[in-house]
Enquirer: 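Pasting a structure below so you can have a look.
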Number of protein chains: 4
Amino acid sequence: MGQKNNNKYRKIISAATRVFAKNGFYKAKVSEIAKEAGIADGTIYIYFKHKDDILIALFEEKMKEVLDNMKKQIRLESDPLKKIQRFALLHLKLIEDNKDMAEIIQIELRQSSKFMKNYHNEKFVQYLDLIGDIIQEGKEKGLIRSDIIPGIGKRAFFGALDEMSRFWVLSKRHKYDIETVAKHISNYFINGIKS
Amino acid sequence: MGQKNNNKYRKIISAATRVFAKNGFYKAKVSEIAKEAGIADGTIYIYFKHKDDILIALFEEKMKEVLDNMKKQIRLESDPLKKIQRFALLHLKLIEDNKDMAEIIQIELRQSSKFMKNYHNEKFVQYLDLIGDIIQEGKEKGLIRSDIIPGIGKRAFFGALDEMSRFWVLSKRHKYDIETVAKHISNYFINGIKS
Amino acid sequence: MGQKNNNKYRKIISAATRVFAKNGFYKAKVSEIAKEAGIADGTIYIYFKHKDDILIALFEEKMKEVLDNMKKQIRLESDPLKKIQRFALLHLKLIEDNKDMAEIIQIELRQSSKFMKNYHNEKFVQYLDLIGDIIQEGKEKGLIRSDIIPGIGKRAFFGALDEMSRFWVLSKRHKYDIETVAKHISNYFINGIKS
Amino acid sequence: MGQKNNNKYRKIISAATRVFAKNGFYKAKVSEIAKEAGIADGTIYIYFKHKDDILIALFEEKMKEVLDNMKKQIRLESDPLKKIQRFALLHLKLIEDNKDMAEIIQIELRQSSKFMKNYHNEKFVQYLDLIGDIIQEGKEKGLIRSDIIPGIGKRAFFGALDEMSRFWVLSKRHKYDIETVAKHISNYFINGIKS
DNA sequence: GATGAATGAGTATTCATTCAT
DNA sequence: CATGAATGAATACTCATTCAT
């Protein structure tokens with residue numbers, strides 16, 4: 001924890017975000033991260049035991065931030081359906097404002113066994129559960145049909161946003177603006193599940 | 001004679017599907033694919049110039065199959081909304097029946113720059129367009145709201161299915177059966193976009 | 001011997017001469033020689049047991065030709081000093097007319113242990129001895145100083161011609177014409193050793 | 001610190017000289033050079049980008065030494081004809097004292113396109129020019145015939161010495177001693193070109 | 001803590017050679 | 001004899017990780 005406040009630790013995470021985004025985790029060299037961070041190669045191993053750990057730490061850090069921010073924003077809304085709208089807009093804005101991070105999460109983290117399969121992605125589960133909880137709340141308030149299964153609904157909604165994000169990350173020019181996309185996707189979903 | 005060549009080409013693709021699925025593209029060794037295919041290491045290089053090309057060929061092959069099959073199935077249905085339901089069910093069934101392939105497409109192919117970014121994924125674009133075309137058809141028949149944008153809708157729907165597929169691929173036990181998931185997801189979407 | 005008259009054997013030697021000259025023995029691929037010869041890879045191994053053997057055979061063939069030719073030409077001259085002049089001119093002409101062969105002999109055959117060191121180059125020894133014999137004859141006829149050592153003289157003269165040949169092979173444009181070079185080099189030597 | 005680097009660089013050059021001389025460049029394994037140098041395989045790649053570069057560096061290093069030494073020695077003599085004698089003796093002595101290096105220069109460096117053809121051998125050109133300059137000087141002083149062409153003479157003389165060197169390198173026992181050979185070869189040449 | 005030179009395990013790819021047809 | 005698909009041994013080079021300073 002003392003480490004996490006450390007200047008060098010932050011520099012490595014920041015440099016790694018850029019380097020991983022550029023060519024992917026496997027093609028990224030530890031020495032390149034060190035160079036980008038303006039430190040020596042060996043210094044990285046004072047803060048991280050393995051190259052893998054940089055990616056995991058990076059993910060945890062970013063996801064914590066995203067999760068905390070999303071929770072805070074969602075709380076400002078009391079109507080579950082409004083919460084869904086806000087979630088969509090905020091999610092896409094986060095992607096837009098953090099292209100490098102988004103690319104890593106989108107592409108690298110889905111990757112090999114080392115991560116999605118063996119690494120239990122607690123923060124991602126919590127992120128999905130934010131949606132699940134909103135759906136549950138909507139059902140309890142009678143705003144969402146009682147036959148909607150939160151476990152399916154949360155993935156469907158997240159998946160829809162995520163696929164748009166992938167498109168975002170991989171395209172240079174955007175055909176649709178964020179607000180439009182957020183509105184459309186949340187409307188499909190809300191209309192699809194509301195009572 | 002062509003048979004024999006074809007035979008080995010197929011064996012390599014088949015072996016690679018299993019090997020890539022197990023530990024991912026980067027951790028897969030060419031020698032392991034050869035062993036799995038029951039041929040010599042060097043033989044692989046008669047059919048493929050680089051390790052990369054095996055993954056790309058594999059993807060093209062499988063996607064062609066999936067695309068052809070999906071097109072045929074969709075044509076059997078005349079109602080665009082029914083087409084959406086059928087798409088969902090068939091997509092999830094394909095995933096279920098081709099776990100290894102699904103895992104590769106889900107995880108490996110989204111990966112590094114070499115693929116999603118630089119490799120222009122024509123077949124995937126066509127697959128998405130199948131959905132786009134159905135939406136367009138539905139709009140023209142007055143079954144789908146005129147303000148629905150196919151370019152957003154197709155991604156939202158595919159993303160929803162895809163996120164469920166990911167969950168499927170990464171889980172050992174399935175909480176929900178395919179028919180249920182397909183029904184729910186297509187219902188959200190249909191209710192969300194119908195007139 | 002029946003083999004040596006064989007059409008395919010000749011084709012291989014001829015193709016190998018071109019292929020070895022282009023990029024050197026080590027970089028030359030057996031399959032490239034086969035392609036150049038218009039035959040299958042495997043056919044080469046009907047005529048030669050190893051890639052090495054092609055180079056050795058090629059050398060033996062060419063050297064026999066060169067040696068026979070040189071012997072015949074030398075015999076036409078009775079004056080040992082004239083023989084030296086003729087040797088120089090003929091040697092350089094051979095190089096000029098057989099660039100590919102010259103390059104191989106110059107460069108490849110001097111090469112690694114496999115050849116100059118382990119392979120006892122009988123034909124080359126005989127070629128050098130042609131010069132040695134001329135010197136000996138000249139000494140006996142009192143035309144060449146009695147203190148000249150043929151074993152040194154033959155190498156000095158051959159080396160002088162050979163270095164010019166190397167220059168020839170490696171240059172694209174020739175500063176001096178063959179007759180001039182042959183005349184100069186034989187004059188240095190003749191003046192240097194004559195009584 | 002620079003010392004240490006320098007130290008390993010030297011060790012590699014030295015080890016490579018021995019290893020290349022033994023079996024030739026193409027048969028030499030990088031790992032063998034590393035073992036001979038008492039370092040790890042990877043360390044070689046800190047100092048040299050490619051295996052080729054070791055041979056080139058080795059050559060440049062040795063040639064610089066030889067060239068500097070030869071220049072110094074030649075300057076001690078004022079008579080151009082004496083300079084030629086000294087050149088011959090010194091050249092052969094260098095070969096005798098640096099068998100491994102001589103073998104590499106003699107055999108490996110003449111080799112494939114990578115070297116003699118594509119690699120412009122500046123130091124070798126300068127070495128030859130030392131002889132050319134002596135001839136020019138001799139002509140100006142009226143000691144050497146005015147019709148002698150330095151561009152031909154320098155190659156003839158170098159070639160004569162070089163061919164003796166090759167004989168030297170490839171033989172185990174020497175029939176003639178250095179002084180005799182040097183004296184003979186320089187005498188042929190001097191008598192051959194003097195006024 | 002910080003450094004960066006050194007390590008050496010790991011692997012894609014090549015290509016001479018074989019042999020079933 | 002001829003073929004050319006198949007073989008698999010061989011090796012240059014990379015790069016995550018270590019550790020003496």
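Since we're looking at a predicted model, the values are computed, not measured.
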Enquirer: Does D:I39 reach a base, just sugar-phosphate, or nothing at all? Heavy atoms under 4.0 Å.
Expert: sugar-phosphate
Enquirer: Could you tell me how far apart D:I33 (CD1) and E:dG8 (P) are, to the nearest whole angstrom?
Expert: 17 Å
Enquirer: Distance check needed: E:dT14 P versus C:E32 CD, whole Å only.
Expert: 15 Å
Enquirer: Taking only residues two or more places apart in sequence, or in another chain, which ones meet C:Y45 in a ring pair (Phe, Tyr, Trp, His ring centres under 6.0 Å)?
Expert: none
Enquirer: Which heavy-atom pair separates A:E36 from A:A15 by the least distance, and what is that distance?
Expert: CG-CB, 3.5 Å
Enquirer: Closest heavy-atom contact between A:F20 and A:L58?
Expert: CD1-CD1, 3.8 Å
Enquirer: Rounded to whole angstrom units, what separation is found between the CG atom of D:N7 and the C1' atom of E:dA5?
Expert: 13 Å
Enquirer: So what does the secondary structure string of DNA chain E come out as, 5' to 3', with Watson-Crick or wobble pairs under 3.5 angstrom, [ ] for crossing and | for pairs with another strand?
Expert: .||||||||||||||||||||
Enquirer: Taking everything shown except C:E60 itself, do over 12 heavy atoms lie less than 6.0 Å from its CD?
Expert: yes
Enquirer: Rounded to the nearest angstrom, tell me the gap between atom CG in C:D53 and atom C1' in E:dA16.
Expert: 12 Å
Enquirer: Using atom CD1 of C:I46 as one end and atom P of E:dA16 as the other, report the distance to the nearest whole Å.
Expert: 17 Å
Enquirer: Any idea which heavy atoms bring C:I54 and C:A16 closest together, and the distance?
Expert: CG2-CB, 3.5 Å
Enquirer: Tell me, do C:I13 and C:F48 make a side-chain contact under 4.5 Å, heavy atoms counted?
Expert: yes
Enquirer: When you measure from the side chain of C:A40, which nucleotide among F:dG4, F:dA6, F:dG8 comes out closest?
Expert: F:dG4
Enquirer: Taking only N/O atoms, report every protein-nucleotides 13-17 of chain F pair under 3.5 Å with atom names and distance.
Expert:
{"unit_1": "F:dC13", "atom_1": "OP1", "unit_2": "D:H50", "atom_2": "ND1", "d": "3.3"}
{"unit_1": "F:dC13", "atom_1": "OP2", "unit_2": "D:Y45", "atom_2": "OH", "d": "3.1"}
{"unit_1": "F:dC13", "atom_1": "OP2", "unit_2": "D:K51", "atom_2": "N", "d": "3.1"}
{"unit_1": "F:dA16", "atom_1": "OP1", "unit_2": "A:A28", "atom_2": "O", "d": "3.4"}
{"unit_1": "F:dA16", "atom_1": "OP1", "unit_2": "A:K51", "atom_2": "NZ", "d": "3.4"}
{"unit_1": "F:dA16", "atom_1": "OP2", "unit_2": "A:V30", "atom_2": "N", "d": "2.9"}
{"unit_1": "F:dT17", "atom_1": "OP1", "unit_2": "A:H50", "atom_2": "ND1", "d": "3.1"}
{"unit_1": "F:dT17", "atom_1": "OP2", "unit_2": "A:Y45", "atom_2": "OH", "d": "3.0"}
{"unit_1": "F:dT17", "atom_1": "OP2", "unit_2": "A:K51", "atom_2": "N", "d": "2.9"}

Enquirer: Tell me the interatomic distance from B:F48, atom CZ, to F:dA6, atom P, rounded to whole angstroms.
Expert: 13 Å
Enquirer: For atom NZ of A:K99, decide whether the heavy atoms of other residues, nucleotides or ligands shown that lie under 6.0 angstrom number more than 12.
Expert: yes
Enquirer: In whole Å, I'd like the distance from the CD1 atom of B:I44 to the P atom of E:dT11.
Expert: 14 Å
Enquirer: Charged N to carboxylate O under 4.0 angstrom, A:R10 versus A:E61?
Expert: yes
Enquirer: With a 4.5 Å cut-off on side-chain heavy atoms, are D:E32 and D:K22 touching?
Expert: yes
Enquirer: Between D:Y47 (OH) and E:dG4 (C1'), how many Å, whole number?
Expert: 11 Å
